[in-house]
Amino acid sequence: MVGDRDTADRYFEPQVETMPRQELRARQEKQLLELVEYAYANSAFYRELWDEHGAHPRDIQSIEDFRARIPFITKDMIRAYRSRTGDPFAGLLCVPVEELTSVSSSSGTTGDPEFFAEIWQDAPPLVTAQVRDLWELGLRPGDRVLSPPGTFRNFMDAGFQALGAVVIEVDTWMGNMPEVVEALRTYRPAYLQMMYPQMVELEHLAEKTDLREAFSSLKGASCAGQPLSRKMRERIRDDWGIDVYEYTSAADTGTAWECREHDGFHLWEDTVFAECVEVDEHGWHDVPESDVGELVATDLDNRAAPLIRYRSEDLVRLSRDTCGCGRTHARMWVAGRSGDETVVQGRSVVLRDVWQAVEDQPETVAGVFQIVRDRREVDELRLRVGYDPHLTGDVDALAGRLSEAVRERTGVKPVLDMRTEEDLLKTMTSVAKFPRVVKT
Amino acid sequence: MARADTLARARTLDRPELAYLLRFPTADGMRDLELTWAELARDTEWVTARLREHGLAAGQRALLTASGFEGFWGHAVIGALRALKVPYGIAEAMGWDHRRTAVFHRELTPHAVIGLSAETLGGLAGAADIGEMFRSTPLVLARPAAVPLLRGVGVTAFVISAVGPALALECPERSGAHVNAAEWRFGERDGQLTVAAGEGRTSPLPETPLGITGRVVVGRCGCGSDNPRVLLAEAN
Ligand SMILES: [Zn+2]
Ligand SMILES: [Zn+2]
């Protein structure tokens, strides 16, 4: 049964995970003050920027000082520094390159990828910060896991193995789902990491394969890179019997996972200082806890190249209330990306509405679609939509229905480019991301 | 330090000896084999010595391209790079990720590119001159299918390849890829390679035909090693 397992030792590091907020805040304050000193002394990027803003570490004695004086940084500022100086690490690096263990990068689906400098011992940083999440999911020593689809942010294996899990080497990338199902039956793993396209592929197998039986050994599976639609999530949970854990990026400082309560993504606040703000031409302010704002993140556990007050462009709601799981670390709910909204002849169109219309057609229920636009404000809403050829008799008839459904939801009649799901998913250039908004 | 504390706690767990269950294609389908931490440590040591022979040393950088299911040899290569104090960048070996390989290559100027695939080269070929790109890279360790493509454009490429459960690595002599005789026994039958586990391996593996066309060369190599070499048809 989904979610049915021993809950006695739920926390991997109980003291940290359930730390009272006051203590957590004191800990963050200490970490922030050290970080500011460290970054100013060692990073050319921060020293230059903070000098320009008259922000000096000696004036920063509290979280309030930090927030009042340290300026935000953006992806564009990092890119600009990089192209001006030719430094691939954009002046963020606080140690000589020789001291790094590895360098991973963002997916680079929109422009050059950004580098993430890593220093580590037993396991790379991204997966190490997932160990608590995997423990919560139920992973325990001796359990088996299938190897993940890619090496996107370094091999993940060492993180699983740190928990005593044994990695089964199976190619879990797109196109291999029949083998994955066979491996599930043979090796009975406890955990599997999936990405959105694998889910779509499995959906196609569901007709002729007993997926519920195949997945029955899983304590849980994770899915990242794309929020699952409500329908897809129900399918995975109710029909396939998988307790699915979504996770998302914690503004490039790590990841944020759902716990077993499945009520928001937990940030690990001993690794990240999170702010939820609204920025406009006059400055910025905190948004109330029930409102959506932009996630601004500061790395608290990264000596290589920390991000400090980094504007993620992720629109989230943030709550610091204790979760049903007992953890005190904040949770966030992702509402979208700033810039995802498309303005068609003055009318605002949001992804969610398009998504709903696409999912409501049986042939496109997997929700594989993209908005094609070269800028935010456009004259027509161009949609590329993937359909399941096995369920589609008449593509034109589907397009007619879909067009009407999109118009009803958004008020805009779209220009449709119908492809098979497979064709559309094949255009992916990352294991991490199926882009919803593309330029061409 | 948060992550360090997490890992310290993890070290107190009662963890198994087993690190991987690796799977590899044979002439008769997929087969699996257990891989322990002790074996991984020996594999890492062996790869470290091979990369050192190629002159890899502190102060240099490397680029590794690999897939998620290649951790069993990726672990040994990464362990070797760490031992040699060579930071590495990492990208997928799949063709569609060629852009990241190109950016890492341009920005990190790696001394060594390890695990280059024919798929990556195929992706790169659209936008770059492969020869120009890699001729200036001192050490290119490429997968068998990529080797002829690289040598065809004047790149001195060396072979790196998983051969069944073992890793084969060409030495600077470039006369076949060495396999570790202390761990594996390689043979040939009807022009195809076979492998069996050596005595020290935890998981027994009787002589198994791999369905890989190639030859085994025994006897001392020009590099001084007595480890046998496999000559893979695909790489020539
Ligand atoms: Zn929770
Ligand atoms: Zn040799």
Side-chain angles (χ1 to χ4, degrees), chain A residues 12-13 16 88 97-105 107-108 112-113 115 120-123 125 128-129 131-132 140-142 144 147-158 161-164 166-173 179 183 186-187 268 270-271 300-301 303 426 428-431, chain B residues 1-11 13-16 18-24 30 32 34-35 37 58-72 74-75 78 81-82 85-94 96-100 102-104 106-109 123:
Chain A
F12 189 65
E13 294 168 278
V16 180
V97 177
E98 304 85 76
E99 282 180 32
L100 300 180
T101 313
S102 51
V103 183
S104 62
S105 84
S107 60
D112 267 7
F115 291 123
W120 50 276
Q121 293 299 326
D122 302 14
T128 301
V131 163
R132 293 172 194 161
R140 294 292 181 273
R144 292 168 160 190
S147 50
T151 54
F152 168 58
R153 288 285 303 273
N154 226 323
F155 276 104
M156 309 292 272
D157 305 2
Q161 289 158 337
L163 272 178
V166 178
V167 177
I168 319 234
E169 301 279 41
V170 178
D171 187 350
T172 49
W173 177 240
E179 290 89 326
T186 309
Y187 301 107
W268 291 122
D270 53 335
T271 67
L300 296 177
D301 187 35
R303 303 307 261 179
K426 265 194 202 145
M428 280 180 73
T429 56
S430 165
V431 299
Chain B
M1 294 294 283
R3 286 175 180 82
D5 292 344
T6 299
L7 291 170
R9 155 82 176 100
R11 284 193 287 272
L13 295 170
D14 188 14
R15 298 186 290 201
L18 209 56
Y20 285 100
L21 200 61
L22 71 90
R23 294 163 79 251
F24 60 94
M30 294 301 275
D32 54 44
E34 294 183 338
L35 185 57
W37 288 107
Q60 300 165 348
R61 291 170 297 281
L63 169 61
L64 173 64
T65 61
S67 290
F69 60 93
E70 295 180 314
F72 72 100
H75 178 100
I78 289 171
L81 293 171
R82 303 193 57 161
K85 299 198 185 325
V86 174
Y88 67 92
I90 186 161
E92 310 285 351
M94 291 179 271
W96 48 257
D97 200 35
H98 62 88
R99 256 177 57 87
R100 286 203 307 152
V103 173
F104 270 113
R106 187 185 71 214
E107 302 284 339
L108 291 186
T109 49

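FYI, side chains are in, hydrogens and waters are out, and symmetry mates aren't considered; it's all heavy atoms of this structure. Throughout, protein chains are lettered first and strands after them, A, B, ... in sequence-line order, and every chain is numbered starting at 1. Please read these numbers as outputs of a predicted model, since none were measured by experiment.
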What's the shortest heavy-atom distance between A/F155 and B/I78, and which atoms? CD1-CD1, 3.5 Å
Which bit of B/A91 is near chain A, if near means a heavy-atom gap under 4.5 Å: side chain, backbone, both or neither? backbone
Nearest 0.5 Å, what's the OG1-CH2 distance between B/T6 and A/W268? 8.5 Å
Can you tell me if A/E13 uses its side chain to pair, donor with acceptor, with the backbone of B/R9 under 3.5 Å? no
Where do A/E98 and B/G59 come nearest, in terms of heavy atoms and distance? CG-CA, 4.3 Å
Rounded to the nearest 0.5 angstrom, the NZ-CG distance for B/K85 and A/L100 is 13.0 Å
Any side-chain heavy atom of A/D122 sitting closer than 4.5 Å to one from B/R11? yes
Would a 4.5 Å heavy-atom cut-off, applied to side chains only, mark A/F152 and B/D97 as touching? no
Pick whichever of B/P16, B/A10, B/A19 has the most heavy-atom pairs under 4.5 Å with chain A. B/A19
Would the distance check show the side chain of B/R15 and the main-chain N or O of A/P141 forming a donor-acceptor pair, the cut-off being under 3.5 Å? no
Taking all atoms of both residues into account, what is the closest heavy-atom pair of B/E92 and A/G150, and its distance? OE1-CA, 3.4 Å
Non-hydrogen atoms of chain A under 4.5 Å away: do they reach the side chain of B/R82, the backbone, both or neither? side chain
Any chance you could measure A/Q161, atom CD, to B/L18, atom CG, to the nearest 0.5 Å? 9.5 Å
Greatest number of non-hydrogen atom pairs under 4.5 angstrom with chain B, of A/T271, A/N154, A/V131, falls to A/N154
What one should report as the nearest heavy-atom pair of A/W173 and B/M94 is CD1-SD, 3.1 Å
Please report the closest heavy-atom contact between A/P113 and B/R99, naming both atoms and the distance. CD-NH2, 4.3 Å
Chain A contact via B/L108 - side chain, backbone, both or neither, heavy atoms under 4.5 Å: side chain
Residue pair A/E169 / B/F72: nearest heavy atoms and the distance that separates them: OE2-N, 2.7 Å
Side chain, backbone, both or neither: which part of B/L63 has a non-hydrogen atom closer than 4.5 Å to chain A? neither
Can you tell which of A/T186, A/V97, A/T172 has the highest number of heavy-atom pairs within less than 4.5 Å of chain B? A/V97
Of the listed residues (A/A123, A/A158, A/S105), which shares the most heavy-atom pairs with chain B below a 4.5 Å separation? A/S105
Contact part of B/F24 toward chain A, heavy-atom cut-off under 4.5 Å: side chain, backbone, both or neither? neither
Check whether any side-chain heavy atom of B/Y20 sits under 4.5 Å from a side-chain heavy atom of A/V167, and report yes or no. yes
Backbone of B/R3 reached by a side-chain donor or acceptor of A/D301 within 3.5 Å: yes
Residue pair A/W120 / B/L7, side-chain heavy-atom distance below 4.5 Å: no
Taking C-beta and beyond as the side chain, do A/D157 and B/H75 meet within less than 4.5 Å on heavy atoms? no
